[in-house]
**Q** 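The following block contains the structure, expressed as structure tokens.
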Amino acid sequence: MKSILAALLAATISTSVAYAGDIADRAADAEKALQAGDGAGALEKFRGAEEALWQAMPLAVQNVKQVDTASGFGIYSERANHIYKPGEKVMLYMEPVGYGYGSDGLGNSQIALSVDLTVLSDSGEALGTFEKIGSVQVASRSHNRELFFKLDLSLDGLPPGKYKCNFLMHDQNSAKTAPFSTDIEIAG
């Protein structure tokens with residue numbers, strides 16, 4: 001049993017080191033191209049380093065904000081507070097990173113993500129879990145990195161009080177998942 005665990009640990013470490021070497025090598029090639037005056041070539045080589053990093057990293061969700069509006073990547077109006085009237089929709093803006101790419105069958109790369117939600121009371125009691133409450137699919141000729149995900153939540157029926165919303169994002173093109181959370185309050 002110990003030898004199996006040791007082999008798995010060694011494989012994990014060597015995979016991480018291999019990715020780190022590949023990323024560093026590609027970044028060094030970008031630096032050399034830039035020093036040689038080839039800005040476009042440097043950028044292309046740097047994108048290769050970014051691709052290697054992206055493939056090696058876990059799925060994560062950055063910049064989770066409660067917003068009034070969201071219309072594009074980095075284009076949102078953050079909500080002044082996390083207090084909602086009963087029946088008012090909760091709108092979240094987030095930026096997933098590290099997702100995989102599939103194919104749409106038409107020659108495009110496809111990003112496909114979904115989100116589950118578990119609502120907890122102020123005391124930590126799970127009040128309900130809801131699977132695939134939101135999803136996004138984007139087909140593109142490029143491996144897009146600037147992706148925003150807007151999620152509109154209807155929490156009708158929650159009595160006044162404070163709540164924690166625990167989310168789990170799923171990458172439909174890999175086994176990667178990423179937890180994230182936000183707190184809200186329903187006004188009394």
**Q** Report yes if some heavy atom in the side chain of Leu151 is under 4.5 Å from a heavy atom in the side chain of Met91; otherwise report no.
**A** no
**Q** Verify the cluster assignment for Phe167 and Val64: are they in a single hydrophobic cluster under the rule of side-chain heavy atoms below 4.5 Å apart?
**A** yes
**Q** Quick check: do Leu92 and Val67 have side-chain heavy atoms less than 4.5 Å from each other?
**A** no
**Q** Passes side chain to side chain contact (heavy atoms under 4.5 Å, CB included), Asp183 versus Tyr163? Steps please.
**A** CA-CA 6 Å; Asp183 294 326; Tyr163 300 91; over 6 Å; no
**Q** Tell me if a side-chain donor or acceptor on Asn173 pairs with a main-chain N or O of Gln110 at a distance below 3.5 Å.
**A** yes
**Q** Could you tell me the separation between the CG atom of Leu59 and the CG atom of Leu113, rounded to the nearest 0.5 Å?
**A** 6.5 Å
**Q** His170 and Ser114: side-chain donor and acceptor closer than 3.5 Å?
**A** no
**Q** Any Lys/Arg nitrogen of Glu51 or Arg145 sitting under 4.0 Å from an Asp/Glu carboxylate oxygen of the other?
**A** yes
**Q** Under the side chain to side chain contact (heavy atoms under 4.5 Å, CB included) criterion, do Phe149 and Val115 qualify, and how do the steps go?
**A** CA-CA 10 Å; Phe149 191 130; Val115 177; 3.7 Å; yes
**Q** Hey, any chance Leu127 and Leu153 share a hydrophobic cluster, counting ILVMFWY side chains that come within less than 4.5 Å of each other, even indirectly?
**A** yes
**Q** Quick check: is Phe148 connected to Met94 through a chain of hydrophobic side chains (ILVMFWY, heavy atoms under 4.5 Å apart)?
**A** no
**Q** Looking at Ala42 and Leu34, what are the two nearest heavy atoms and their distance?
**A** CB-N, 3.6 Å
**Q** Could you check whether any side-chain heavy atom of Leu120 comes within less than 4.5 Å of a side-chain heavy atom of Glu125, counting everything from C-beta outward?
**A** no
**Q** Mind checking the OG1-NZ spacing from Thr182 to Lys65? Nearest 0.5 Å is all I need.
**A** 10.0 Å
**Q** Give the cluster check for Leu117 versus Leu168: same hydrophobic cluster or not, with ILVMFWY residues linked at side-chain heavy-atom distances below 4.5 Å.
**A** no
**Q** Side chains of Ile184 and Leu155, heavy atoms from C-beta outward: is any pair under 4.5 Å?
**A** yes
**Q** Drop me the distance from Asp68's CG to Ser77's OG, to the nearest 0.5 angstrom.
**A** 5.0 Å
**Q** Carefully, step by step, assess Asp29 and Lys45 under the rule salt bridge (Lys or Arg N to Asp or Glu O under 4.0 Å).
**A** CA-CA 6 Å; Asp29 289 344; Lys45 291 183 182 302; 5.3 Å; no
**Q** Output every pair passing side-chain hydrogen bond (donor to acceptor under 3.5 Å, both in side chains) with a member in residues 87-98, not counting sequence neighbours, ordered by first then second residue.
**A** Asn63-Glu95, Arg79-Glu88, Tyr93-Glu95
**Q** State, yes or no, whether a side-chain contact exists between Leu147 and Pro96 at a heavy-atom distance under 4.5 Å.
**A** yes
**Q** So, taking the atom named CD1 in Ile111 and the one named NE2 in His143, what distance separates them when rounded to the nearest 0.5 Å?
**A** 8.5 Å
**Q** Can you confirm whether Glu131 is buried at CD, in the sense that more than 12 heavy atoms of other residues, nucleotides or ligands lie under 6.0 Å from that atom?
**A** no
**Q** Keeping the roles fixed (side chain from Lys176, backbone from Gly98), state whether a donor-acceptor pair exists under 3.5 Å.
**A** yes
**Q** Could you tell me which non-hydrogen atom of Ser109 sits nearest to which non-hydrogen atom of Ser142, and how far apart they are?
**A** CB-O, 4.1 Å
**Q** For Lys164 and Ser181, which heavy atoms make the closest approach, and how far apart are they?
**A** NZ-OG, 3.9 Å
**Q** Check whether any side-chain N or O of Asp171 sits under 3.5 Å from a backbone N or O of Gly100 as a donor-acceptor pair, and report yes or no.
**A** yes
**Q** So which atom in Ile23 and which in Ala49 form the shortest heavy-atom distance, rounded to 0.1 Å?
**A** O-CB, 3.7 Å
**Q** With a 3.5 Å distance limit and no angle check, can you tell me whether Asp104 reaches the backbone of Asn108 through a side-chain donor-acceptor pair?
**A** yes
**Q** Which heavy atom in Ile186 sits nearest to a heavy atom in Pro159, and how many Å separate them?
**A** CB-O, 3.8 Å
**Q** With sequence neighbours left out, which residue pairs that include part of residues 146-155 fulfil the side-chain hydrogen bond (donor to acceptor under 3.5 Å, both in side chains) condition?
**A** Ser154-Asp156
**Q** Between Gln55 (side chain only) and Glu50 (backbone N and O only), is there a donor and an acceptor less than 3.5 Å apart?
**A** no
**Q** Minimum heavy-atom separation for Ala33 and Gly41, please, with both atom names.
**A** CB-C, 4.1 Å
**Q** Any sub-3.5 Å donor-acceptor pair from Ser140's side-chain atoms to Asn144's backbone N or O?
**A** no
**Q** Thr129 and Thr118: side-chain donor and acceptor closer than 3.5 Å?
**A** yes
**Q** Which class fits the ring pair Tyr99 and Trp54: parallel under 30°, tilted 30 to 60°, perpendicular over 60°?
**A** perpendicular
**Q** Cut-off 3.5 Å, side chains only: do Gln66 and Tyr76 have a donor facing an acceptor?
**A** no
**Q** Same cluster or not: Val138 versus Met169, using hydrophobic residues (I, L, V, M, F, W, Y) connected whenever any side-chain heavy atoms lie under 4.5 Å apart?
**A** yes
**Q** Just wondering, are more than 12 heavy atoms of other shown residues or ligands nearer than 6.0 Å to CZ in Phe73?
**A** yes
